[in-house]
Protein chains: 2
Amino acid sequence: MSSEKLDTEVRQDQITQAALNLIASHGFRELSMVKIARKVGIVPSAIYRHFKNKEEVLDAALDQIQERLHDNVGIVCNETSEPLDRLKRLLIYHVKLIRESQGILRIVLSEDIYDGHSERRIKVYNIIKGYLDKIDKIVSQGQQEGKIRQDRDAATISLMFLSIIQQAAILWHISNGKFDVTRHAEKAWRIFNEYLEMK
Amino acid sequence: MSSEKLDTEVRQDQITQAALNLIASHGFRELSMVKIARKVGIVPSAIYRHFKNKEEVLDAALDQIQERLHDNVGIVCNETSEPLDRLKRLLIYHVKLIRESQGILRIVLSEDIYDGHSERRIKVYNIIKGYLDKIDKIVSQGQQEGKIRQDRDAATISLMFLSIIQQAAILWHISNGKFDVTRHAEKAWRIFNEYLEMK
DNA sequence: CTGTATTGTGAATGTGCTTTCACAAACGAT
DNA sequence: ATCGTTTGTGAAAGCACATTCACAATACAG
């Protein structure tokens, strides 16, 4: 009952995707090599042909998340050059990302992903920091252009911006979809936008 | 090598405290009956004299967290009757709570605490909702008194308020204390306060 | 002082997990 | 077609864990 033999590159991709989907749908706690293997259609030990260990699989999954976040920023920056529009669209994309791949961002927040190993912690911190930096750039540019009030810290504004969605996403998840993220995001954005525009 | 025999009530308290401290310092993932027992000074199986299983221990720990959150609200409401002052102080107490008992609030956010069992998920949701309701009351009252602008949803404002600290707390933790929560809380509060005061 | 309920102990069970390893099947270059 | 490399397999080792159970120590009521 042998599976088809595939290149390491292909398998690595499949394994990473499987891991991401499993985390998204059943949480980090439920993630096991057995389940990843089942989803890919191979046997657990076969994973070790393509990754050194579970750690490496997780790292690859984190890389994917980072990519998706950065992609979103790239997209909105291409779509419009208006700073406030960029932020608004980024908010929408972020919410969409959360809704589509359930927990993909809660992964970043999940306590358990660190598991004592501080390298992973640093990696996660850098992912968030990288994302925040990009938001920061949008804000700073908006301030220079006079489109966003200049009397407040760009970093603080950026973090507040991220906080809005993130916390809502958590509530959304815990409530089993009962809590309306999109609605909250809209309302919160109105408040935030109004503040940023103030002179 | 027998331990002193103590009443179930006392042991339940010790066990709950031990569990909370362990989660706070080493995360939810690391929590085990063995470690709880070691901290209390008894043998793992002895825990089962006082709790039916691990689930019950966790539930007791969650109850404790809820209590602390509600206590904070009670304290600030006794300290002052000015809505904005109440919020500001609550922010400070919240940050303090986070700083003191490391991860006590990340527990609420931790993916793994649900572990598939939806009862626990509901319980956590209710804890947050209860806390948010109390914040909501402060905001609503402030709006009625004309101390807080009335053209925005109290619920949205409350959630934004909570988000500010919560996300910062997460960053603080991930960065191993490098990120300055207190500083961010202060800056964010200034922004938030200014907005709420606007007519 | 005696008997009974309560609390603690150590060993054992069972489960699920990651990881290793010898071996087998498929592939690719020559 | 063949040989070496890559990928997949199944079994097993080894670990941590929650939980159970018979038994021992302790407290306490009468």
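Quick caveat, the model's predicted, so the values are computed rather than measured. In what follows, chains carry the letters A, B, and so on, assigned in the order in which the sequence lines appear, proteins first and then strands, with residues in each chain numbered from 1.
Atom CD1 in Ile42(B) sits about 18 Å away from atom P in dA25(D), given to the nearest Å. For Ile36(B) and dC17(D), the CD1 to P distance is 11 Å, given to the nearest whole Å. Across the protein-nucleic acid pair, Glu4(B) atom CD and dC28(D) atom P stand 11 Å apart, rounded to whole Å. Across the protein-nucleic acid pair, Ile47(B) atom CD1 and dT9(C) atom P stand 11 Å apart, rounded to whole Å. With rounding to whole Å, Gln12(B) atom CD is found 13 Å from dT7(C) atom C1'. The CE-C1' distance, from Met33(B) to dT9(C), rounds to 16 Å in whole Å. Residue Ile15(A) contributes atom CD1, which lies 13 Å from atom P of dT19(C) at whole-angstrom precision. Taking atom CD on Glu30(A) and atom P on dT15(C), their separation rounds to 18 Å, with Å as the unit.
Between dT19(D), dG8(D), dC17(D), one nucleotide has an atom nearer to the side chain of Ser32(B) than all others, and that is dC17(D). Minimum atom distance to the side chain of Arg49(A) is reached by dT7(D), of the listed dT19(D), dT7(D), dA18(D). When distances are taken from the side chain of Lys35(B) to each of dC17(D), dA18(D), dG8(C), the shortest belongs to dC17(D). The nucleotide whose nearest atom lies closest to any side-chain atom of Pro44(B) is, among dG10(C), dT19(D), dG8(D), dT19(D).
Considering CH2 of Trp189(A) and CZ of Phe161(A), their distance stands at 6.0 Å, rounded to 0.5 Å. Atoms CD1 and OG1, from Ile92(A) and Thr182(A) in turn, are 9.5 Å apart once rounded to the nearest 0.5 Å. The distance from atom NZ of Lys134(A) to atom CG of Asn72(A), rounded to the nearest 0.5 Å, is 11.5 Å.
Residue contacts shown for Ser45(A) include a base, since a base heavy atom lies under 4.0 Å away. Heavy atoms of Lys5(A) sit under 4.0 angstrom from at least one base atom.
The phosphate of dG8(D) has OP1 or OP2 within less than 4.0 Å of a side-chain N or O from His50(A). Between dG8(D) and Arg11(A), a contact under 4.0 Å exists linking OP1 or OP2 to a side-chain N or O.
Under the 4.0 Å criterion applied to side-chain N and carboxylate O atoms, Glu79(A) and Arg86(A) are not assigned as salt-bridge partners. A salt bridge does not link Arg149(B) with Glu197(B): none of the charged nitrogens is closer than 4.0 Å to a carboxylate oxygen.
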